[in-house]
Number of protein chains: 2
Amino acid sequence: MLRANLVRSPASSAFPAAGEWLSPMTVDTLMNTLQSGSSGSKGDLAANHKDMANALRALSMDAVQQANSGHPGMPMGMADVATVLYSQFLKFDPARPDWADRDRFVLSAGHGSMLLYSLLHLTDYPEMTLDQLKNFRQLGSLTAGHPEVGHAPGIETTTGPLGQGLANAVGMALAERLLNARFGDAAVDHHTYVIAGDGCLMEGISHEAISLAGHLGLSKLIVLFDDNGISIDGPTSLSVSDDQAKRFEASGWDCFTADGHDPEAIAAAIAAAKASSRPAMIACKTAIGFGSPNKAGKNSAHGAPLGVDEITATREALGWPHAAFEIPDDVRAAWQATGAAGAEASAAWDQRMAGLDAADRAELERRMAGDLPADWQDSFRAYKEKLAEEQPKLATRVSSQKALDVLAEAIPELIGGSADLTGSNNTKAASQKPVTRDNFSGDYIYYGVREHGMAAAMNGMALHGGVLPYGGTFLVFTDYCRPSIRLSALMQQRVVYVMTHDSIGLGEDGPTHQPVEHLAALRAIPGLQVFRPADAIETAECWELALQSSDAPSVIALTRQGLPSVRKDVSENLSGHGAYILSPAEGERQATLIASGSEVELALKAQEMLAADGISAAVVSIPCWELFAAQSQGYRDEVLGPDSLRIAIEAALPFGWERWIGSDGGFVGMQGFGASAPAGDLFAHFKITPEAVVENVKARL
Amino acid sequence: MLRANLVRSPASSAFPAAGEWLSPMTVDTLMNTLQSGSSGSKGDLAANHKDMANALRALSMDAVQQANSGHPGMPMGMADVATVLYSQFLKFDPARPDWADRDRFVLSAGHGSMLLYSLLHLTDYPEMTLDQLKNFRQLGSLTAGHPEVGHAPGIETTTGPLGQGLANAVGMALAERLLNARFGDAAVDHHTYVIAGDGCLMEGISHEAISLAGHLGLSKLIVLFDDNGISIDGPTSLSVSDDQAKRFEASGWDCFTADGHDPEAIAAAIAAAKASSRPAMIACKTAIGFGSPNKAGKNSAHGAPLGVDEITATREALGWPHAAFEIPDDVRAAWQATGAAGAEASAAWDQRMAGLDAADRAELERRMAGDLPADWQDSFRAYKEKLAEEQPKLATRVSSQKALDVLAEAIPELIGGSADLTGSNNTKAASQKPVTRDNFSGDYIYYGVREHGMAAAMNGMALHGGVLPYGGTFLVFTDYCRPSIRLSALMQQRVVYVMTHDSIGLGEDGPTHQPVEHLAALRAIPGLQVFRPADAIETAECWELALQSSDAPSVIALTRQGLPSVRKDVSENLSGHGAYILSPAEGERQATLIASGSEVELALKAQEMLAADGISAAVVSIPCWELFAAQSQGYRDEVLGPDSLRIAIEAALPFGWERWIGSDGGFVGMQGFGASAPAGDLFAHFKITPEAVVENVKARL
C-alpha cells in the first residue's frame, strides 16, 4: 500500500478538539502557500493546478454572486481536491456521460453545487454551457441550487439533504461490485468518489452508510471529507467532537489525511486510497472559502455571496485577474484536455467489451438500459394463473415472497434485501444467495437495522444502473427512511420498498409498530406509487406494476395476517387501474364500499350482509391511489359511483380519503394510534368490522 | 477511576469479526458458570443474584409464552445485568415513581419489555401486579408489547423503534445537567442508564445521540450494550462489523466490557462507568435467551415464545423448579428489599430539599410539574399589543424569534436549539447563552446537523421534566426526525418544533429543500399540532398555544420570506380556534378563501380583486387544522360557509384539503415538487397568485 507523502491518521490518537487545526494562523499559512505557488517538484503540474483550481473558485463565486444566492465556501475550499481528482484520477468521458464503466462522482455536500457545475463546464460536458452557469439557480436552468440528476449529464445523483449522497455512493459502489462479479473486470471495474462535509458526517445516515460499506468491504469507494472545521452555526467545535478517522476505522475503513490545498498530498492520498483493500476516507484539511481574504475559514463564507468587494479582494489574493465568468484560454485548454483524456479509456472499454461473449455483452447492455428480460412475464403469468386456480389464503407478505420466488429467477438483476427483518418481510426469494464481502455473486443483502442506509443505497444502486433493488422493513419504519424515499420519487428511480406489517393487523407489537398515518404520509409524496394489495393476485399485479415503472419508485404495503383470495380472474392486471369494481352491486347501486388491502375482505362481507337486508352495494378495491388518480374522470366516476353513498374502509386514519368519498361519505377505520393486543381484538376494539360498515351505511342511507 | 476486574476495550484493537466471541462453546461455558453458581467471594450476593436474575428470566419467558407473542431472548440475556443495576446501583423508589431526582432507566431495546415489567413487578411498583404480567400484550393491560410511558409508573419513555431510547436518554442526561447547574447537587444529581442492543447501535440515530452526548460530556449517562452478537436475521456478522467500543471512543466516551453473566464484573464495570468523567458504554457480553438449552445464543430466542417444552428444559437448566409466574418468597423478598431500599435515598433527598432556599425549591417543583410561571403572559401580552400597533412586515421566522426574545426571559425553563441552522431558523433568543460541556447554565443548544438526535433528545428532556425544549430545522427536514416527532405525539410530550423555510417561498435552494408534502404528512400524525401562522401576531398566538399544550407536541411552520401583517386585533387568541374569519364577505358570501401562512396575504388580495368585480368573498385564516377540527360543527360551518364556493390556497400539495373545501371546492397550490429559482418567480410559475385565485373562483361560480 502506498503511504508516501501521507499523514496516516493515528488509530489511537487522544480525543481531539474538533476544528482545532483551523486556527486563523493556519489559514494564513495556507494562503501564503497558495500565493507563493506550490513548493513541489512537479512545477508545471503545480502551476497548471493552481490556475485550474482557481478557475473553479472564480466561476463558483461569480455564479453565486450573480444569482445573489448560493454557497461559495465549499467549492472554493475543495477546488484543489476536485482539480486533482478530475485531472488525475476520475475516469470519465464528457462526450459519453452514460458510459457504464465510468467512475461515479457524488457531491454529497450538494450545497456546493457550483463546484460540480464548474467542473462539468470546464471539462466540456456540452450541455453545461457558460450561460447555464450564469443562470445558476434561475427558473429552467440546468444549474439548480442543489445538483439534480437528470438536469444535466455528469450529475450522478440529487444531493442537498445531507448524508444522502454518501449513502447513495455506497449503493453505487455495491452495484459496481455486483456487476463486476457477474461480468468481470473487463466490463465493470470503476471507482466511486464522494465529497462529503461535516454535515454529511454528523447525520445519522452517515453511520449506516459507513458501517454497511465497511462490513461489505467496498474497497472501490473513496470518500473525500471536506474537513474544514466549519458548519453553518460556526466552528464545528460548537457541536461536534468526533474523531472522524477513528470512527471510520471502527467501521473497517482505511483513513488518510491530506492538506487539501497541496495537490501532491491530495494525489498521494487518493492513490493510497485506491490501493487500499478497504473503503477509504481521506480527511482533506481545507479552508472554507479559500482565497477570500476576509471570509476564508469562517462560516460567513458558507451560504451567501461573498459580495462585490470581497470578490475583488479574492481575485487579487488568488492572483486571478480575469473578469467574472472569464476563463483564460490556457486554463480552459488544460481543463478541456482533462475531459478529453477520458475518450481513450472509454474507447479501451469498447474494445474490451467487443472481446466479451456476445450474450454477456447484450445482457450487460440490457441491464444498464433498465430493460427487463424479454420473457420475464412468462413464468409470472403462469404463477398468476395458478393463484387464480388455487385461491390461496395467505398474508400478502407471504404472497409477495411467492411472487419474488418467481421473479428472482426471471429477472437476474433483482437484488433483494431487508433491514434485519428478512423472515418477517418475506423478502428473500428461494433462489437468492447472500452478498458478502468475499462474494458479490449473490443477490440478497442483509442490510442490518439500517432502514435509512438501505433506502439511500437502493437509490444509489438504481442510479448506477444494471441492478434493480428492492428492500424491506415494517411499514411504520418508512419514517426512518423517508428522506431517501422522497429522493427516490424526486429522482424518479425504480426502487421497490417492500413494507410489511401494514396496520393494526400486526397485533401485539402495539402502537410503536402499527402504522396508522403512514399510508397517508406516503401517498402525500408526489411521484411515489403506494400499493396496498388485497390478496395474492393483487400482490402479484402490484409487483408487476412496480417493476414495469422504470421511472417511479413504489411502496408495496403488505399484511402480517392471513387474507382470503378475493380475485378469481387474472386475464387483466386490474390493479393497473389503481381501483376497480371488484364486486358489482346487484340492481341499482345504493352504496359503494371502497377498501384497500386487508379491509377488502371486510367490504365483501359487509356487501353480503347489506344484500341480506335488501341494500345493494358495490365493492371497490383500490390498491393504488396514484394510478387511480391518473385514470379518466369517466372511469373514476364509473368505479366510485358518485351518486351512491360512498364508504371507505381502511385500517388507517381517514386523512386524504375525502378525495374519494366526498364530503358526505363515511369512513370505517382508525381515528388515532393503535394499541397492543391480538389483531382480532384490535379490529373489534377499533370497530373495523363488517358490522361497523353495515351500521355506517344504514345510518347514512 | 476504578478499573478492578475490568476488561477495558483496547482503543487500538485490530478490526474484529463481529459476534466472534459468541461461539456455541462460549455459550456452553456461560451455562456451566451459571449452573455451578458464581465463583466470586460474595457468596450470598451471588446466590441471591442467581435467583433474582432467574426470576426475571422465568417471568419473561412465561409471560411471552402465555401471550403467545413477544421477545424472551433479550430479557433472559440481560437479566443478570438488570439485576445488578437495580439491586446495586439504580436510585429509585417504587412508592414514589415521580421522584424528581431518581435515576432514569431507559430500555432502548424496547422489545425486551418483559424485562422492565418483571423488574417493576418484583421491586413492588404497586400498579405492576402479577395479573398485569399475565395479561402481557392484551387489550387494556399496562403491559403493552413495547413499553409505553404513561401506562405504568416506572416506564420512563416509550421504546420499540430502535435507537430512540438511547437518544431520549441523551436528552434526559442533558436535562439533569441543566437542572443541576440551576439548582445544585443537593436537588438534582442522578444518572441515566440505558439498555441498548445491536439494533439500537446500527440505527443512524445512535450516531447522532452518541456524538452529541460525547460532545457535551454527559458523564452521568451510562449505556449498557447488550452485546449478544445476534439480531433478527441471525448472527450480527451477517450485517455489521463495527468495533463498537472504538466507535464510542471516537465520540469521546469511555468504554468497558464485562461478562454480562458475571455479577461482579458487571458491578465493577458500572462502578467504573459512574466514576468516569465521560459518558460511558459497557459492552455486556451476553447470550441471548440465556438459560434455554436449545435456543440460547441463537436468533430463534429473539422474537417468539420459547415453546412449552423448551421452557421446561430451561427451568431445569436454570435450576428454577417453580411453576409459571410463581416466585418463591425468599426471592420475592430479596427483590422487594431492593425496591424498598430506595425509600432512604428518597427521604434523604426530601431533607436536602427542605434545606434549600424556599423560592428555589418552589421553582424546581413548578418546573418539574410542568407549570409555566404564573406571570409569563404579562410581557407577552404587551408584546402582542405592540405588534398590533406597529403592524410589522416580517418573515414569520423572524416574528418567531421576536416572540422567543420575550418568552425566553419570561419562561426560564425554555431550552432552545437548532440543528445547525440557528441563523436561518431564528431560534436563538437574545438572552440565550450556549450550553457547553463546561457550563450547563446556558439555555441554547447547538445540536449540530442532527435533526433526529435533536428531536429524540427533546423528547427525553420533556420526559425528564423541568425543562421545556424547542428546536429548529427546515420544514423539509422533518423527514429526518419524523420517527421522533411521531413519538412526541404518541407520548403526548410538550416539544416544540420550529420549522422554517416552509414552502417554495424559500426559493433558490430548490426541490430538495422545498417542502410540498410535509404539511400533509405532519397533519397526518395523530396528536400533533401543526401551526402555520400568517403574520407576526398569529406567530405569537401559535407560540402561546404550543406552550400551553402541556400534553401535545407542536410544529410551527414558518416562512423564510417577509409577510405583511394581516391581523390588527389581539384581544383574543383567534388562532386558538384553529381557523377563523379574518376578513368577512361584504353582503352575501359567495366564496370563501381559506388559506394558511404566507398564502393568507394572497387570499386577501384576491378578495379585493373579486370585490372589484362584484364578487363577495370571505377570507379564512387556518393556522391549525387540528384545533379547528376540535371546534363545534356549528363554528366550523360558520367559518367555512358550506353554502359558498370554497377555495383553498396553500403553497403545498392539496392532499387532505378536501376535508375543508368539499368535493366541489377549488385549490390553488402545488401539484408536485418545486424548483430552484427566486421565490417570486416560483409563485408566478406555479400559479400561486391572487390572479389564479380570482380565476379559479370565477371559473367555478
Side-chain angles (χ1 to χ4, degrees), chain A residues 11-12 15 69 137-139 144-146 160-162 199 202-205 207-208 211 215 231-233 238-243 246-247 250-252 420 422 446 448-450 452 479-480 482-483 490 508-510 512 517 520-521 524-526 655-656 658-659 662-663 672-673 676-677 681 685, chain B residues 11-12 15 69 137-139 144-146 160-162 199 202-205 207-208 211 215 231-233 238-243 246-247 250-252 420 422 446 448-450 452 479-480 482-483 490 508-510 512 517 520-521 524-526 655-656 658-659 662-663 672-673 676-677 681 685:
Chain A
S12 55
F15 193 59
S69 165
R137 293 185 156 230
Q138 304 308 304
L139 197 61
H146 294 80
L162 293 176
M202 279 195 261
E203 290 286 3
I205 190 175
H207 170 58
E208 301 184 22
S211 177
H215 176 70
S231 71
I232 292 178
D233 276 356
L238 280 177
S239 58
V240 64
S241 306
D242 294 340
D243 179 339
K246 187 169 177 177
R247 170 195 172 201
S251 288
D420 196 40
T422 295
Y446 289 106
V449 189
R450 302 187 186 98
H452 204 176
D479 280 354
Y480 271 76
R482 195 171 163 88
L490 181 58
E508 293 89 342
D509 273 347
T512 55
E517 76 276 28
I525 297 178
F655 199 91
E658 291 87 355
R659 178 169 186 187
S663 319
F673 290 110
S676 171
D681 294 355
H685 174 73
Chain B
S12 54
F15 192 61
S69 163
R137 293 184 156 229
Q138 304 308 303
L139 198 61
H146 294 82
L162 294 175
M202 281 195 260
E203 290 286 3
I205 190 174
H207 170 59
E208 302 184 23
S211 177
H215 176 71
S231 70
I232 292 177
D233 277 355
L238 280 177
S239 58
V240 64
S241 307
D242 294 339
D243 179 338
K246 186 168 176 178
R247 169 196 174 200
S251 288
D420 196 41
T422 295
Y446 288 106
V449 189
R450 303 186 186 98
H452 205 174
D479 280 353
Y480 271 76
R482 194 169 163 89
L490 181 58
E508 293 89 343
D509 273 346
T512 54
E517 76 276 27
I525 297 178
F655 199 91
E658 290 88 353
R659 178 169 187 186
S663 320
F673 289 110
S676 171
D681 294 355
H685 174 73

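Below, all heavy atoms of this structure are taken into account, side chains as well, without hydrogens, waters or symmetry copies. Letters go in sequence order (proteins before strands), and every chain restarts at 1. Remember, predicted model here, so these are calculated numbers, not experimental data.
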Over all atoms of both residues, closest heavy-atom pair of [X] and [Y]:
X	Y	answer
A:Arg482	B:Ala521	NH2-CB, 3.3 Å
B:Pro161	A:Thr512	CD-CB, 3.6 Å
A:His207	B:Met202	CD2-O, 3.5 Å
B:Leu162	A:Val449	CD1-CG1, 3.8 Å

Side-chain heavy atoms of [X] within contact of [Y], under 4.5 Å:
X	Y	result
A:Glu208	B:Glu203	yes
B:Pro526	A:Glu517	yes
A:Arg137	B:Asp509	yes

Proximity breakdown for B:Ser211 and chain A, heavy-atom pairs closer than 4.5 Å: both
Selection from B:Asp420, B:Leu139, B:Ile205 maximising heavy-atom pairs under 4.5 Å formed with chain A: B:Asp420
Chain B contact via A:Ser69 - which portion, at a heavy-atom distance below 4.5 Å: side chain
Derivation and outcome, side chain to side chain contact (heavy atoms under 4.5 Å, CB included), residues B:Leu238 and A:His215: CA-CA 9 Å; B:Leu238 280 177; A:His215 176 70; 5.7 Å; no
Geometric class of the A:Tyr480/B:His452 ring pair [parallel <30°, tilted 30-60°, perpendicular >60°]: perpendicular
Under 3.5 Å donor-acceptor, B:Ser676 side chain and A:Gly145 backbone: yes
